[in-house]
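For reference, the structure discussed in these notes is given below.
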Amino acid sequence: MEGINAKYVSKKISKTRWRPVSSSSLQQPDIFATGSWDNEDNSISIWSIGENGVSSMGDEFEGDPQLLCEYKHNGDVLDLQFLDQDRIVTASSTGAVTIFRHHHNSQTLSVSQLWERAHHYPCNNAPCTGVVCNSPEIVTVGEDGRIMLFRADQEGVLRTIEKADSSAIHAVTFLRTTEILTVNSIGQLKLWDFRQPGNEPSQILSLGGASRTGDRVPLHCVDRHPNQQHIVATGGQDGMLCIWDVRQGNMPISLMEAHTSEMWEVHFHPSNPGHLFSCSEDGSLLHWETSSNTDTPSFLQGGRNTSIISRSAIAPTGGNQSLINAWLTGDSSKGHLETTHMLPSQMLSVNSLDVLGQCLVCGTDGEAIYVNRHVPI
Amino acid sequence: MEEVDVEPTTTPIPGFDSNQKHLGFVWGPGDILVYETIYKASGGSAGGCPFVHEVRKDEDIYSPILRKLFNESHHIFVGLQRIREDLPSKNKKPQFVSISKNYRSVIRACMEELQQVAVSTQDAALATQYGNQVEYLSNFNIFCTLFVVCDPLAGSLVLHLLDWVRLHKADVDEKAREVLASESPAEHQAYWDVVISYVLQGRMDEARQVLVKQAALQPAARVMFKLLDNLLMKMPIFNPGETQTLTEFDVKWRHWREEVDHCLQDQSFASNRHLEDICKILVGDEDVLLEYKELLSTWYHFLVTRLLFSHPTVKPTELHYYAQSSMHMFLDTRSVPEPLDSILLAAFEFDIHQVIKDCSIALNNWWFVGHLTDLLDHCKLLQSHNLHFGSNLREFLLLEYASGLFTHHSLWQLAVDYFDHCPEFGRVYLELQIERVPLDTERKALKVIRICEQRQMTEQVRSICKIMAKKALRNNRLGSALSWSIRAKDAAFATLISERFLQDYCAKGTFSDLDLIDNLGPAMLLSDRLTFLGKYREFHRLYGEKRFSDAAKLLLSLMTAKIAPHSFWMTLLTDALPLLEQKEVIFSADQTHELMFCLEELTSGKSVPTPDRPMQDEDIETTKIELLRLALARNLAMAIVKEGTVEV
């Protein structure tokens, strides 16, 4: 738990995202963006954990984020993604989709594009719940059950899928350049192919009776395996982590107990997908690790991993083999999964996390941002 | 009726003339709504003020810096509540001390930030406001120390008091930095202020470091400086952590004291006024101390300095005597003591209840008294003090604090844990407040529901889901509305929405929201109408898949098992028509009989034609029935033939 410090920011944080680093360089990220929610005035903020200005303070303050700039945001920030190095797309509870530009020289933010009421009901606004970017394309989803396709630098809407869902869509991710995957509040995953006309998904996967109680469990987050595009992780209301193979059948490959309340976000590590991170309403942030090829679980090897081990070697319930094959290419028989709590015990929800390189940032309803610059990857 | 402790404060309402107009008001959870009323019994409708004013007592809750305090102390508070469960009874004291330490360090961070802002702000009013907050916050520390940490016997009291004073007068360090950074520190105008301030706070090492600058400048007076430096260095400080006993320390201290006295009598420092003053301070000369009122700034600083140099081993029980005399000596006899003065005095007398009472009156936020009382209650320092209302003092104050948080747009989540630890009324408060949290997004609604579910507040869960379902219905999102009512297990509302789905089907001929209806699963059993909706959709699916006999069986069972509402039977029978018209026999003879029976039941009830129905509709209806009868008869014939054939 050492090396992780709370920074209290007087705003409940709904989203945290690292600014992407250019893939050619091996440098660690040093800038991240946060969005707030449920405040009278919400905002998006840009923070730096770089050395500039803080190096004199000594090691104790290493990584203490410094606020670079802030900009007012209408409504709760329900999602936030970097489009590229200097543009940020946000999804608002007012239904608006905004592109902000971060000017590096002057350290200011400005609105560069705004789609007001991108998501809406006949009379009211509908919250836009998720956004995903594949520059220059932007896909948003909302509580109104619509999927919208935008293009940065184009004012109009490229494509609207009306009635994509009868209930609220909670999250979206790209599977391939023309295919997206959405999760909704009745426990379904829907695949959409933009090459196909019409308003029908190309495939529906459903959690159905696989959940703990047999009820339809709302799903809140989804992330795609960075290398194997058919492998997807989702998390939902019951806090279970589900791994799916979208090519295979209608049921998750494996279900694992993770959190005791809603899982708000799940992320594969972008360059080291043997690691996965999830955060939850119960105030926990978990690091999932498929164990290395040796027979000894890594927590017995000592050294780098000094944090508390909550449950070691959880055997995934069913579909064990295929998960391991997918998630841990090579060793298939000694499949072990290890989870580690990454935050000191705290009570309020961890709403968002992002991981890049060795750096992890997360934001909570306790109005704190945590940065860990030495994630054992 | 009880006496009022202090005169209530007057809050002027802008643009309101109390001589001519009258005010009405409504209590809110944390504020009051004030509006203008028309007093005259008749007429006079013109000229009413269109504004409603919101009057709020607790301004601090909106301070972004204090918000950090609220959030951080929330952790500590919950940690404190857990101690009770973990430990049986003994050895709790170190835990409490560490909790109070945590509170103090959080406060310290908050104070430092407040002090910085107070210095940098241009707005004088804001600066004083921050200053006041700092002043009060720092007192939390001393109360914690006095009541929780202090051992009544050991002589560490003065150390704690010094710690508190240092925190309070942290501006010395700022000044010292400024002096030492200047070109010639020894000639800086604030030089002696810094040295003496350090001495007054008992920070001898720092004082000596600054003194060196002057000594280097005056080689002639080197001996004198050396002598004072020696005295400062040798001053014994009682440290309870060491093995030294109190008596040993006392002997040592008296010895040192004699040495200082000697120097004074010898007039060793007569040539330098400043050094002589320092020396007099070291022997606790009250007149000299009072000459430095400016540097001491408060009577309690005076008190602590006086204790340090005259009574370093003072016991907590003797404290109040010195406190009172110090206050009288320091303050002008004419000046009226401020509320803070009497609070501190009460604290030095260890009159805990008076402290809590006075703080409640003087402060506009319940954070301070709430947390203090809670901590003291855990330490069993509060006598059972029965209130005329509510349960006990701790719970009353915590409820007030938490209710205040709940009125805040964003901090309401913190309040939940406070309510959880109020055994008597916490739950009722939470139940009433949680339903009133404005819900803008589903995510927020889910968070609120989670809070309720964790506490088995089913009634509130139901009501929140219902609010969301209603909202969805208003926005014409039937699927969402149905999902929410399923979550609420609200059968009546599910029935209503199912009805809407069926109406839509009747109007358009197709179902909407198939993704939902096809995946109802066990949720279908929530209400009869919902079951019907799900089953009816299943019939359409079977029909679409050309599984005619399954479809027929399901259709019939919908009527015979009374799942379908009577009003819908005609539609179902019409749906049976194409099945009856199929080339092969789908309905068996028995099934056809049952269908006929259903049709008869339907038509017999409707024998009396309703007058307000248009003739055309009636015609269509009769034609439909005729067609059905024909189809049924034909099917019956075919079925009998077929079944008979099979048997042979």
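Lettering follows sequence order; numbering is per chain, from 1.
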Pair count under 4.5 Å, heavy atoms only, with chain B: among A:Gly75, A:Cys123, A:Ala6, A:Gly145, highest is A:Gly145
Could you check if a side-chain atom of A:Tyr8 sits within less than 4.5 angstrom of a side-chain atom of B:Arg67, using non-hydrogen atoms only? no
Out of curiosity, A:Asp38 CG to B:Lys444 NZ, how far, rounded to the nearest 0.5 Å? 3.5 Å
Side chain, backbone, both or neither: which part of A:Asn351 has an atom under 4.5 Å from a heavy atom of chain B? side chain
Side-chain donor/acceptor of A:Lys12 to backbone N/O of B:Ser410, under 3.5 Å: yes
How many angstroms lie between CG in A:Asn39 and NE2 in B:His409, if you round to the nearest 0.5 Å? 7.5 Å
Mind checking the OH-CD spacing from B:Tyr62 to A:Glu40? Nearest 0.5 Å is all I need. 5.5 Å
Distance in Å, A:Asn125 CG paired with B:Asp440 CG, rounded so as to fall on 0.5 Å steps: 11.0 Å
Assess, by modelled atom type and distance only, whether the side chains of B:Ser512 and A:Lys163 contain a donor and an acceptor separated by less than 3.5 Å. no
Is a side-chain N or O of A:Glu143 found less than 3.5 angstrom from the main chain of B:Glu442, in a donor-acceptor match? yes
Regarding A:Asp282 and B:Arg450, does a basic nitrogen lie under 4.0 Å from an acidic carboxylate oxygen? no
Qualifying salt bridge (charged side-chain N to carboxylate O under 4.0 Å, His left out) pairs with a residue from residues 469-485 of chain B, counting only residues at least two apart or across chains: none
Verify, without hydrogens or angle tests, whether A:Ser10 (side chain) and B:Pro64 (backbone) share a donor-acceptor contact under 3.5 angstrom. yes
What part of A:Gln188 gets closer than 4.5 Å to chain B, counting heavy atoms only: side chain, backbone, both or neither? side chain
Can we say B:Asp515 and A:Lys190 salt-bridge, meaning some charged N sits less than 4.0 Å from an Asp/Glu carboxylate O? yes
With sequence neighbours left out, write down each residue that passes side chain to side chain contact (heavy atoms under 4.5 Å, CB included) with B:Gln503, or none if nothing qualifies. B:Glu499, B:Arg500
